Amino acid sequence: QVQLVESGGGLVQAGGSLRLSCAASGRTFSMNTMGWFRQAPGKEREFVAAISWSGVSTSYADSVKGRFTISRDNALNTVYLQMNSLTPEDTAVYYCAADTDWRISGRSGEYDYWGQGTQVTVSS
């Protein structure tokens, strides 16, 4: 099993920045692709970003391209999501997810482990 714990969420004004962290523990050697998803009230969970084990390959949702950056530090078993130029539309609970597969995917069903989520609220 892999346990994922997100942190770094909070309240920020539009145009501001936040950096989310996701710390993994347990059978971390089984993790390959790591991803971030988000879910706004009344909406389905949606893909935000993903990163390969090496960090060389990344993928982003069109809505966050150029504003968000995903990165990871395998020595610390941690993945990050740097979020800049935030807008109220970015308000959601953000979830970290781990996939044992090496292929990057934006489909939530592909991921094997999930964190509990961290709330991000962007005020206008």
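In this chain, residues are counted from 1 in sequence order. Keep in mind it's a predicted model, so treat the numbers as computed, not measured.
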Is there a donor-acceptor pair under 3.5 Å between the side chain of N32 and the backbone N or O of T100? yes

Check whether any side-chain N or O of Y94 sits under 3.5 Å from a backbone N or O of V48 as a donor-acceptor pair, and report yes or no. no

With clusters defined by side-chain heavy atoms of hydrophobic residues (ILVMFWY) lying less than 4.5 Å apart, directly or transitively, does V120 cluster with L81? yes

Option passing side-chain contact (heavy atoms from CB on, under 4.5 Å) with V122 (candidates L11, T91, L18): T91

Residue W53 excluded, over 12 heavy atoms near CH2 under 6.0 Å: no

Atom CD of Q119: over 12 foreign heavy atoms under 6.0 Å: yes

Test: disulfide (SG to SG under 2.5 Å). Region: residues 5-108. Which pairs qualify, not counting sequence neighbours? C22-C96

Side chain to side chain donor-acceptor pair (under 3.5 Å) involving T33 - partner list, sequence neighbours excluded: none

Please list all pairs meeting disulfide (SG to SG under 2.5 Å) that have one or both residues in residues 45-77, counting only residues at least two apart or in different chains. none

Under a 3.5 Å threshold, yes or no: a donor from one side chain and an acceptor from the other, between S17 and N84? yes

Mind running ring pair (Phe, Tyr, Trp, His ring centres under 6.0 Å) on W36 and F47 for me, showing each step along the way? CA-CA 7 Å; W36 286 96; F47 170 72; over 10 Å; no

Only one of E44, E46, E6, E89 passes salt bridge (Lys or Arg N to Asp or Glu O under 4.0 Å) with R38, and that residue is E46

